[in-house]
Amino acid sequence: MKKIILYMIFLVPFASTGQDLDELLDAETSVGKIYESAAFKATRVINGHSVEQMKAKHLDFRISHRFGELNGGAYEFFGLDQATIHLSLEYGLKDWLMVGVGRSNLLKTYDGFVKLKLLRQTAGSNSVPIFLSYMGSTEIFTTKWTNLERDNLFSSRLTYVHQLLIARKFNDQLSLQLSPTLVHKNLTPTTRDDNDLYALGASGRYKISNRVAINAEYFYAFRSDDASVDYPNSLSFGVDIETGGHVFQLMLTNSLAMREGGFIWGQDNHNWDDGGIHFGFNVSRVFSFDKKNRSY
């Protein structure tokens, strides 16, 4: 735990509704300030987190699918015969504090996260040029151990993620984000692999209409030269389609995992050059429990 806290200290300085989701994050004004909002359409860009958060007393029920590789051909129905699923519930405790839990059938993984809004982009007096958030998560795989002869510890199942989300909304159409990340795995494939993996994500959104946006996302992992396997980096392209309280995110990605400990580490990533591309989607449904500002 002390080691994880030290990494946080190191990273931080570098750092059914009829209402549209954009309306849940409408720009606010105060004396001499204009607060920017809705840099992205959802709390995820594609696989990775965006700087967006659920408002207080709002719940996001999220269903994510990644199908098999497109190069499986007609016999595998171009990947649609296979499916990896992640289900999650994500709730805004405060406008600046969001928590979530989820479960994926990939390695039978459970996960939980917390996301804090640290800075919000503003114009006017005392302007702030960026959004800044922190996301921390824990992932636990629960598949059965394959080697029963060794001492298998529960702690070996754990992966921790610390991430800063640094974004800027340049105009109504364009938003860009950087995501410096630390992934810590208690158990690695071999002793040659470091338990800590640093990565940098770059992502962006371009809004082409009030309800449609296109996204791109890439995570570069800084692996040591001694790493046992040089896994492909995660690269994804997507389209967001908003319909009232729903956001549909359609994407092409080389990552099968849908949480940072998986797609950034990369053991389930495939090569775009070899046709290792997965079609997938996220469906987000938002519910309001704010009796003073109920939206349905």
Side-chain angles (χ1 to χ4, degrees), residues 16 21 40-50 60-90 100-111 113 139-144 146 159 201 203-209 211-219 221 229 231-286:
S16 150
L21 291 187
F40 295 89
K41 278 192 172 292
T43 59
R44 302 298 189 283
V45 181
I46 297 177
N47 291 315
H49 279 265
S50 74
D60 183 3
F61 174 49
R62 179 174 294 270
I63 304 172
S64 300
H65 272 65
R66 304 294 183 268
F67 295 98
E69 295 178 64
L70 293 177
N71 60 9
Y75 181 75
E76 298 290 345
F77 201 38
F78 303 97
L80 296 183
D81 283 350
Q82 306 154 16
T84 300
I85 304 171
H86 186 276
L87 303 176
S88 66
L89 293 172
E90 302 174 2
V101 294
R103 202 269 188 182
S104 172
N105 63 341
L106 183 64
L107 296 180
K108 301 186 184 300
T109 302
Y110 294 86
D111 66 270
F113 75 88
E139 302 172 20
I140 307 171
F141 73 86
T142 62
T143 50
K144 295 179 180 179
T146 56
T159 296
S203 53
R205 178 203 76 164
Y206 189 81
K207 189 175 179 181
I208 59 178
S209 74
R211 297 187 179 273
V212 179
I214 55 176
N215 306 312
E217 177 184 87
Y218 178 69
F219 282 87
V229 180
Y231 296 117
N233 291 318
S234 179
L235 174 64
S236 309
F237 301 94
V239 177
D240 290 353
I241 304 171
E242 183 183 335
T243 58
H246 298 268
V247 170
F248 295 95
Q249 296 182 297
L250 308 176
M251 73 281 297
L252 293 174
T253 177
N254 66 332
S255 300
L256 201 57
M258 287 161 272
R259 283 300 178 263
E260 283 74 11
F263 67 80
I264 293 179
W265 194 272
Q267 69 268 28
D268 297 299
N269 293 349
H270 300 95
N271 284 306
W272 275 78
D273 294 342
D274 298 333
I277 306 168
H278 305 272
F279 169 69
F281 65 84
N282 302 329
V283 181
S284 174
R285 180 69 169 87
V286 175

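No experiment lies behind these values; they were computed from the predicted model shown. All heavy atoms count here, side chains included; hydrogens, waters and symmetry mates do not.
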Does [X] reach the side chain of [Y], with side-chain heavy atoms less than 4.5 Å apart?
{"X": "Thr43", "Y": "Asp60", "value": "yes"}
{"X": "Arg103", "Y": "Tyr110", "value": "yes"}
{"X": "Asn71", "Y": "Ile277", "value": "no"}
{"X": "Glu90", "Y": "Phe61", "value": "no"}
{"X": "Leu235", "Y": "Thr253", "value": "no"}

- Item | Interatomic spacing from CG in Asn254 to CG in Asp274 - rounded to 0.5 Å |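 One finds 11.0 Å between CG of Asn254 and CG of Asp274.
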- Item | Distance (rounded to the nearest 0.5 Å) between Leu256 CG and Thr84 OG1 |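 That separation rounds to 3.5 Å.
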- Query: Which of parallel (below 30°), tilted (30 to 60°) and perpendicular (above 60°) describes Phe281 and His65?
  - Reply: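 Rings of Phe281 and His65: parallel, under 30°.
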- Task: Run the numbers on Asn269 and Asn233 for side chain to side chain donor-acceptor pair (under 3.5 Å), then give the verdict.
- Result: CA-CA 7 Å; Asn269 293 349; Asn233 291 318; over 6 Å; no
- Verify the neighbour count for atom CZ of Phe77: are there more than 12 heavy atoms of other residues, nucleotides or ligands below 6.0 Å?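 It does not: Phe77 CZ has 12 such atoms or fewer within range.
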- Query: Crowded around Phe248 CZ? As in, over 12 foreign heavy atoms under 6.0 Å?
  - Reply: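 Above 12, so yes.
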- Task: Could you tell me whether Arg205 and Glu217 have a side-chain N and a carboxylate O separated by less than 4.0 Å?
- Result: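 Looking at Arg205 and Glu217, the cut-off is not met.
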- Smallest separation among heavy atoms of Glu139 and Thr109, with atom names: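 Scanning both residues completely, I find the closest heavy atoms to be CB-CG2, 4.1 Å.
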- Message: Please enumerate all residues that pass side-chain contact (heavy atoms from CB on, under 4.5 Å) together with His86, with sequence neighbours excluded.
- Response: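 His86 satisfies side-chain contact (heavy atoms from CB on, under 4.5 Å) with Ser64, Ser88, Ser104, Asp111, Met258, Arg259 only.
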- Set of residues satisfying side-chain hydrogen bond (donor to acceptor under 3.5 Å, both in side chains) with respect to Arg66, sequence neighbours excluded: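 Arg66 satisfies side-chain hydrogen bond (donor to acceptor under 3.5 Å, both in side chains) with Asn47, Asn282 only.
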- Message: For a ring pair (Phe, Tyr, Trp, His ring centres under 6.0 Å) check, start with the C-alpha distance between Trp272 and Phe237, then their side-chain angles and the critical distance, and finish with the verdict.
- Response: CA-CA 12 Å; Trp272 275 78; Phe237 301 94; 5.7 Å; yes
